[in-house]
Amino acid sequence: MSVFNVFGGEVRLEYAGRVLCGHMHDARTRDSRFRAGVGMVIVPQAGSQEPVVAYWSPPLKPGWIPTIRVGAPSEVQHVDTLRLVVRTACLAVALVLAATALMAYPGSRDWTFLGYALLCALSVVWQGMLSGLVGYPEPWLPVVGHEQRWFVGLSCAGLGAMLCGMWLLVAGPGLDALVRRRMVLATFVSWLAATVFALLAPEAWLSSTAVGVELAFRLVYLAILGWALQRLWHHQYGAIPALAAMAPFAAIAVLERAGSRLLLEYRVEAIQLSITWFLAVSAYALNLRLGRLRRQRDEMQQLAETDSLTGLPNRRAGLRRLDELFARARQHGAPLSVAFVDIDHFKSINDEYGHEAGDRVLMAAAEALRGAVRGPVEAARMGGEEFLVLLPGVGAHAAVQRMEALRGRLAAQGSGLRLDGLVLTASIGVASLQAGDADAAALLRRADGAMYVAKRSGRDQVQLATG
């Protein structure tokens, strides 16, 4: 025989002068063969009519009636074990989700992940109180003797936190950050006040407080559910995760209204599974949010490191890439060459054809540069009409040949602009890594110097740095 769903006080079982007293929130007081309930193994004499008597404290809320399972030891203990597995699994899932959210916070710097981790931690304590696991294997919360206060207080905090989570799920990512913070703060303050009241209220008020909290939850829940359905009606499909997260609570309300005996017997497991489902769907929504944050971060980084006119990496990105290639070449003893490219007579082009034509010339030059390198980050606009070409794994002779080919590409791109009299040429300086180069800046200075030699020598040519 086992008694389940006793949320406060002691359970007393009597049979033929034998008395067993147990407490759901202190496993040390119970028969160790029962973990999810208070049980007794009875061996009656054949034909015995001796009754088995069970006592428990009055339930805090109407309908929250303790249930008794009587049968063969293997059958009753099998059900007890299944209940324990479900209850502990729900707590384990909440702990894993909390840890995952905490690990995601440093990368996202989004307070929502901390709030979610706090919700998971709160649900662990709340579920532990509901299931009696706060007393297993021995009490790790001082609830014995104060079960009703803990029950009402944790219900206030847990239900309030879940309502806040539901509201945020329905609102979706488009909600203004200030509105989001104010709403969360208002919810936190109101439900914290309710929790403090539940912990300090006179004992006689606890039952009505518990009923009031449940009623308030249902009213707010219905309002949020209606809002979610309205958004879905208007084809705002971001409300689907919220509806999925809220569905189990609606199912419990329907079953309760229908007087389901199954819900009566497995109320704790139903509540825990609903909480776990809500946390899991919320984690899914958080993962979507994390993906959006990462995409936004990548887009912002790309914008910050990309030249808006040509689409090439800008000076900062080009120099960082040069430092990376320099360090790699030094480490592996590989060749590295760089080229400084300066469009010839660019000021005259702007003066003669206009700045719009000058922009077209720069974009054409960028297109020619893309064709001369292996990767999208190995050519950069340094500013004005100057470009940097990075040639990892390429020696001096091969680099000069590549830049000679680039001159041909530039001429072809210039012809395609269809500007009468325009000939697109460039002065190009090439430098290759030498043993005496202390850093990437030294390599860059030699390429820049070679470029000026090319300009002084008549332009439209490639010069290799000799120093």
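Because only heavy atoms are used, hydrogens play no part in the values below, and waters and symmetry mates are left out as well, while side chains stay in.
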Subject >> Partner residues of Phe151 under the ring pair (Phe, Tyr, Trp, His ring centres under 6.0 Å) criterion, sequence neighbours left out >> reply: Phe7, Trp64
Original post:
Who pairs with Ala92 by side chain to side chain contact (heavy atoms under 4.5 Å, CB included), at least two apart in sequence or on another chain?
Top reply: none
Subject >> Residues that Asp323 engages under salt bridge (charged side-chain N to carboxylate O under 4.0 Å, His left out), provided they are two or more places apart >> reply: none
**OP:** With sequence neighbours excluded, tell me which residues meet side-chain hydrogen bond (donor to acceptor under 3.5 Å, both in side chains) with Glu385.
**Re:** none
**OP:** Could you pull out all residues at least two apart from Glu386 that satisfy side chain to side chain contact (heavy atoms under 4.5 Å, CB included)?
**Re:** Phe340, Asp342, Met382, Met451, Tyr452
**OP:** Just jot down the side-chain hydrogen bond (donor to acceptor under 3.5 Å, both in side chains) partners of Glu256, sequence neighbours excluded, or say none.
**Re:** Arg218, Arg267
Original post:
How many angstroms lie between atom CG of Leu91 and atom SG of Cys120, to the nearest 0.5 angstrom?
Top reply: 11.0 Å
Original post:
Mind checking what makes salt bridge (charged side-chain N to carboxylate O under 4.0 Å, His left out) contact with Arg381, not counting sequence neighbours?
Top reply: Asp307
**OP:** Side-chain contact test, heavy atoms from C-beta onward, threshold under 4.5 Å: evaluate it for Trp126 versus Ser155 and give yes or no.
**Re:** yes
Subject >> Those residues that, when tested against Asp437, pass side-chain hydrogen bond (donor to acceptor under 3.5 Å, both in side chains) (two or more places apart) >> reply: Arg446
Could you go through residues 156-164 and list every donor-acceptor pair under 3.5 Å that involves a side-chain atom there, pairing it with any protein atom two or more places apart or in another chain?
none

Atom pairs and distances, donor-acceptor, side-chain atoms in residues 197-213, under 3.5 Å, two or more places apart:
from, atom 1, to, atom 2, distance (Å)
Ser207, OG, Leu60, O, 2.8
Ser208, OG, Trp205, O, 2.9
Thr209, OG1, Trp205, O, 2.7

**OP:** Output every pair passing ring-ring contact (aromatic ring centres under 6.0 Å, His included) with a member in residues 250-285, not counting sequence neighbours, ordered by first then second residue.
**Re:** none
Subject >> Any side-chain donor near an acceptor of the partner, Glu367 and Gln413, under 3.5 Å >> reply: no
If you look only at distance, which donor and acceptor atoms sit under 3.5 Å apart when one is on a side chain in residues 35-54 and the other is two or more places apart or in another chain?
from, atom 1, to, atom 2, distance (Å)
Arg35, NE, Ser32, O, 3.4
Ser48, OG, Glu50, N, 3.2

